[in-house]
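Since the model is a prediction, treat every value here as computed from it, not as a measurement.
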Amino acid sequence: MKTSRFTESQIIGILKQAEAGTAVPELCREHGMSSASFYKWRSKYGGMDAALMSRMKELETENARLKKMYAEERLKAEVVREALGKKVVRPSRRREMAMRAVRDRAMSVRAACEAFGVSETCYRYEPKRRAENSVIAEWLVKLTHNQRNWGFGLCFLYLRNVKGFAWNHKRVYRIYRELELNLRIKPRKRLVREQPEPLAVPQALNECWSMDFMHDQLADGRSIRLFNVIDDFNREGLCIEVDFSLPALRVIRSLDQVIEWRGKPSKIRCDNGPEYVSDALRDWAVRHCIVLQFIQPGKPQQNAYIERYNKTVRYDWLAHYLFETVSEVQEYATKWLWSYNHERPNTAIGGVPPKQKLPIAA
């Protein structure tokens, strides 16, 4: 609003001179103003004194401020109502909506920031993209493509503990989310049950092994079996034997092959399958002074180490492909076993691969 060069008292004085009989043209020449200004003052302030005129101007100023405030609040409400159909929880998303309101609705930056609850600093912030971010993205895409069941935890542990990158987990997770690589978490139905007895944690290598069978099918429908053995101390996979049938003699042969390069265990934990309770395996264990520790029937949680390992075998590779022959499965299992022991982080032993726990334990 343009400010008048005449004060309230001067305007009231001019109006009083006109009421006293002074001609309007003479007043205009005397005070250097136009006749239009005089008649506007008389229609607006006629009959007032200086105090009333000052109060009226204050009210006009207050009214203009309130009108401007109402217009801003109405514009904010309209903009927010238009954005209600979109999820604006994240600060980056709110910043985007505020910038759109400034661009499309001609809102001020201050009003847009107040409407969407972001600071003006956040609004004006320009992220500095580092070239290293593209390297992180390439690694994440490669890992999730090769290991489709790996979540963020395993990917980050692999980059930190296996590859030796020092990237912060928040930075890696931000890029992981931007790439939309996060897996859908299926809620599990929790059953109330008694607390199982905790498994004994071995304190040294070859203190206790666990062994178990898995079942699967080839592409033509024929059933195959996998014989898995792990060391409970560092969860290292010792062997995966694949065939159509794996009787007790094949189990003994596989264990002898592992003992040749690994050494003899003190005990082996297993279930009550016919291969494990056979006389042949019992006699073999007596000859080698190895204790066969059988779990209670119907309680696989007592052999939880190998059960968890079986799940990893199935979800990491066995359930991903259709195999034509037993030899093809055996070849893939051998390659995967090396990768599992040397490269795949294991959260049960501190997020490092099983082979890396050996120098830590030593």
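The CG atom of Leu218 sits 5.0 Å away from the CD1 atom of Ile224 when rounded to the nearest 0.5 Å. Considering CH2 of Trp150 and CG of Leu157, their distance stands at 9.0 Å, rounded to 0.5 Å. Taken from CD in Gln302 to OG in Ser210, the straight-line distance is 12.0 Å, to the nearest 0.5 Å. Taking CZ of Arg308 as the start and OG1 of Thr347 as the end, the distance is 6.5 Å to the nearest 0.5 Å. Atom SG of Cys239 sits about 8.0 Å away from atom CG of Leu337, to the nearest 0.5 Å. Rounded to the nearest 0.5 Å, atoms CE (Met97) and CG (Asp104) are 9.5 Å apart.
Note: the hydrophobic cluster containing Val258 also contains Phe227 (ILVMFWY, side chain heavy atoms under 4.5 Å, direct or indirect links). Hydrophobic clustering (ILVMFWY, side-chain heavy atoms < 4.5 Å, transitive): Met214 and Leu238 are in distinct clusters. Val286 and Val291 are assigned to two separate hydrophobic clusters, defined by single-linkage of ILVMFWY side chains at heavy-atom distances under 4.5 Å. Taking hydrophobic clusters as Ile, Leu, Val, Met, Phe, Trp and Tyr residues chained together by side-chain heavy-atom distances below 4.5 Å, Leu154 shares a cluster with Leu181. Residues Val229 and Val277 fall within the same hydrophobic cluster, defined by Ile, Leu, Val, Met, Phe, Trp and Tyr side chains chained together at heavy-atom separations under 4.5 Å.
What you find for Glu343 and Val162 is that their closest heavy atoms are O-CG2, 3.0 Å. Of all the heavy atoms in Val172 and Leu140, the pair that sits closest is O-CD1, 3.9 Å. When every heavy atom of Cys113 is checked against every heavy atom of Tyr123, the shortest pair comes out as SG-CB, 3.7 Å. The minimum heavy-atom distance between Met107 and Ala112, with the atom names listed, is CE-N, 3.6 Å. Heavy-atom minimum distance, Arg94 versus Val118: CB-CG1, 3.5 Å. Scanning both residues, Tyr276 and Leu292, for their nearest heavy atoms gives O-CD1, 4.2 Å.
Asn310 and Asn228 share a side-chain donor-acceptor pair at under 3.5 Å. Side-chain polar atoms of Asn149 and Asp316 form a donor-acceptor pair below 3.5 angstrom. In summary, the side chains of Trp317 and Gln147 do not present any donor paired with an acceptor at a separation below 3.5 Å, with no hydrogens or angles considered. Between the side chains of Ser327 and Thr325, at least one donor N or O lies within less than 3.5 Å of an accepting N or O. A donor and an acceptor atom, one from each side chain of Asn206 and Trp209, are located under 3.5 Å apart. When only modelled atom types and interatomic distance are considered, Ser278 and Arg282 share no side-chain donor-acceptor pair under 3.5 Å. In this structure, a donor-acceptor pair under 3.5 Å is absent between the side chains of Glu307 and Gln301.
Note on Arg124 versus Glu120: salt bridge recorded, some NZ/NE/NH1/NH2 to OD/OE distance being below 4.0 Å. In this structure, Arg250 pairs ionically with Asp243, as a charged nitrogen and a carboxylate oxygen lie closer than 4.0 Å. Under 4.0 Å is where a charged nitrogen must lie from a carboxylate oxygen, and between Glu96 and Arg100 at least one such pair does. Classification of Arg262 and Glu236 as a salt-bridged pair holds, one side-chain N sitting under 4.0 Å from a carboxylate O. Using a cutoff of 4.0 Å between basic side-chain nitrogens and carboxylate oxygens, Arg171 and Glu132 are scored as salt-bridged.
Aromatic ring pairs are classed by plane angle as parallel below 30°, tilted from 30° to 60° and perpendicular above 60°; the pair Trp284 and His288 is tilted. Ring geometry, Tyr173 versus Phe152: the interplanar angle exceeds 60°, so the pair is classed perpendicular (tilted spans 30 to 60°). Ring geometry for His169 versus Phe156: interplanar angle over 60°, hence perpendicular rather than tilted (30 to 60°).
Taking the ring centre of Tyr158 as origin, the terminal cationic atom of Arg344 falls outside the region bounded by 6.0 Å and 45° from the ring axis.
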Q.
Is there a side-chain contact (heavy atoms from CB on, under 4.5 Å) between Phe233 and Gln203? Walk through the geometry before answering.
A. CA-CA 6 Å; Phe233 171 68; Gln203 301 301 317; 5.6 Å; no

Q: Decide yes or no on side-chain contact (heavy atoms from CB on, under 4.5 Å) for Leu226 and Phe213, but give the supporting numbers first.
A: CA-CA 6 Å; Leu226 288 78; Phe213 286 105; over 6 Å; no

Q: Begin with the C-alpha distance, continue with both residues' side-chain angles, and end with the deciding distance and a verdict on side-chain contact (heavy atoms from CB on, under 4.5 Å) for His320 and Arg148.
A: CA-CA 9 Å; His320 291 183; Arg148 285 175 287 180; 3.3 Å; yes

Q.
Assess the residue pair Glu275 and Leu246 against the criterion (side-chain contact (heavy atoms from CB on, under 4.5 Å)); give the C-alpha distance rounded to whole Å, side-chain angles, the decisive distance to 0.1 Å, and a yes or no.
A. CA-CA 8 Å; Glu275 299 84 2; Leu246 294 169; over 6 Å; no

Q) Can you check salt bridge (Lys or Arg N to Asp or Glu O under 4.0 Å) on Arg110 and Glu114, steps first, answer last? A) CA-CA 6 Å; Arg110 178 188 58 79; Glu114 289 179 358; 3.4 Å; yes

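Annotation for Tyr125: atom OH counts as buried by contact number, over 12 foreign heavy atoms lying within 6.0 Å. Applying the 6.0 Å contact sphere to NE2 of His215 captures more than 12 heavy atoms from other residues, nucleotides or ligands. By the neighbour-count criterion of 12 heavy atoms within 6.0 Å, atom CZ of Arg174 is densely surrounded, having more than that number from other residues, nucleotides or ligands.
For Trp336 and Tyr332, the gap between ring centers reaches or exceeds 6.0 Å.
No donor-acceptor pair closer than 3.5 Å links the side chain of Asn341 to the backbone N or O of Pro354. In this structure, Glu328 contributes its side chain and Phe323 its backbone to no donor-acceptor pair below 3.5 Å. Panel note: side chain Arg95, backbone Cys122; a donor-acceptor pair is recorded below 3.5 Å. The main-chain N or O of Asn303 is never found under 3.5 Å from a side-chain atom of Arg269 such that the two would form a donor-acceptor pair. Within the 3.5 Å criterion, the main-chain N or O of Lys335 finds no donor-acceptor partner in the side chain of Ser339.
Of the listed residues (Asp232, Asp212, Asn346, Ile240), just one forms a side chain to side chain contact (heavy atoms under 4.5 Å, CB included) with Tyr309, and that residue is Ile240.
Two residues are said to be in side-chain contact when any heavy atoms from C-beta on lie closer than 4.5 Å; Ile268 and Cys208 fail this criterion. In this structure, the side chains of Ile290 and Ile259 come closer than 4.5 Å at one or more pairs of heavy atoms. No side-chain heavy atom of Arg225 sits under 4.5 Å from any side-chain heavy atom of Phe244. Annotation: side chain of Ile136 is in contact with side chain of Trp167 (closest heavy-atom distance under 4.5 Å).
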